[in-house]
Amino acid sequence: MKINELKEMTVEELGTQRRDLKQEMINLRVQQQSGQLENPARIRTVRRTIARIETILSSRRLETAPPVTETA
């Protein structure tokens with residue numbers, strides 16, 4: 001999934017997508033351990049997509065967080 005497609009999604013959609021991809025990652029790892037994995041490159045793609053989603057979610061949290069003021 002392209003980064004631009006992910007940026008257009010809402011926070012709820014990103015959360016759902018992340019959950020689905022994490023479940024797929026579990027399934028891919030099980031297939032890998034049992035020797036049934038047909039496309040090993042899919043693990044890398046899913047892992048990177050999850051990282052992209054988490055990066056977008058983190059940046060959105062920082063955008064909406066109140067500024068921190070230091071008191072000395």
Side-chain angles (χ1 to χ4, degrees):
M1 196 169 247
K2 300 280 184 177
I3 190 76
N4 292 332
E5 295 172 6
L6 293 173
K7 285 182 179 180
E8 292 174 0
M9 292 181 159
T10 65
V11 174
E12 293 81 20
E13 291 173 333
L14 288 170
T16 302
Q17 185 73 21
R18 179 178 58 180
R19 186 185 66 234
D20 293 344
L21 288 171
K22 285 189 174 197
Q23 184 62 45
E24 182 180 351
M25 180 63 81
I26 291 169
N27 293 337
L28 289 170
R29 287 182 178 155
V30 169
Q31 288 177 9
Q32 185 179 31
Q33 290 299 316
S34 64
Q36 297 175 350
L37 185 61
E38 293 179 14
N39 186 5
R42 181 71 182 145
I43 293 175
R44 182 178 186 184
T45 305
V46 170
R47 188 178 71 234
R48 288 183 178 195
T49 304
I50 292 170
R52 286 184 184 110
I53 290 171
E54 290 180 355
T55 300
I56 292 169
L57 289 172
S58 175
S59 67
R60 288 188 184 173
R61 270 187 242 122
L62 289 174
E63 289 172 358
T64 60
V68 176
T69 57
E70 291 185 25
T71 57

Undergrad: Which residue pairs pass the side-chain hydrogen bond (donor to acceptor under 3.5 Å, both in side chains) test with at least one member in residues 56-66, sequence neighbours excluded?
TA: none
Undergrad: Listed by chain and number, what are the salt bridge (Lys or Arg N to Asp or Glu O under 4.0 Å) partners of Lys7, not counting sequence neighbours?
TA: none
Undergrad: Under the side-chain hydrogen bond (donor to acceptor under 3.5 Å, both in side chains) definition, can you give me all pairs with a residue in residues 39-52, not counting sequence neighbours?
TA: Glu24-Arg42
Undergrad: The criterion is side chain to side chain contact (heavy atoms under 4.5 Å, CB included); which residues satisfy it with Thr16, sequence neighbours excluded?
TA: Arg19, Asp20
Undergrad: Roughly how far, to the nearest 0.5 Å, is CG of Leu57 from CZ of Arg18?
TA: 5.5 Å
Undergrad: Report the C-alpha separation of Ile26 and Arg29 in whole Å, then their side-chain angles, then the decisive distance to 0.1 Å, and conclude whether the side chain to side chain contact (heavy atoms under 4.5 Å, CB included) test is met.
TA: CA-CA 5 Å; Ile26 291 169; Arg29 287 182 178 155; 5.7 Å; no
Undergrad: Pair up each side-chain donor or acceptor in residues 30-38 with any protein partner under 3.5 Å, not counting sequence neighbours, and list the distances.
TA:
residue: Ser34; atom: OG; partner: Val30; partner atom: O; Å: 3.2
residue: Ser34; atom: OG; partner: Gln31; partner atom: O; Å: 3.1

Undergrad: If you measure from CE on Met25 to CD1 on Ile43, what distance do you get to the nearest 0.5 Å?
TA: 6.5 Å
Undergrad: List for me each residue that meets salt bridge (Lys or Arg N to Asp or Glu O under 4.0 Å) alongside Glu13, sequence neighbours excluded, and say none if there are none.
TA: none
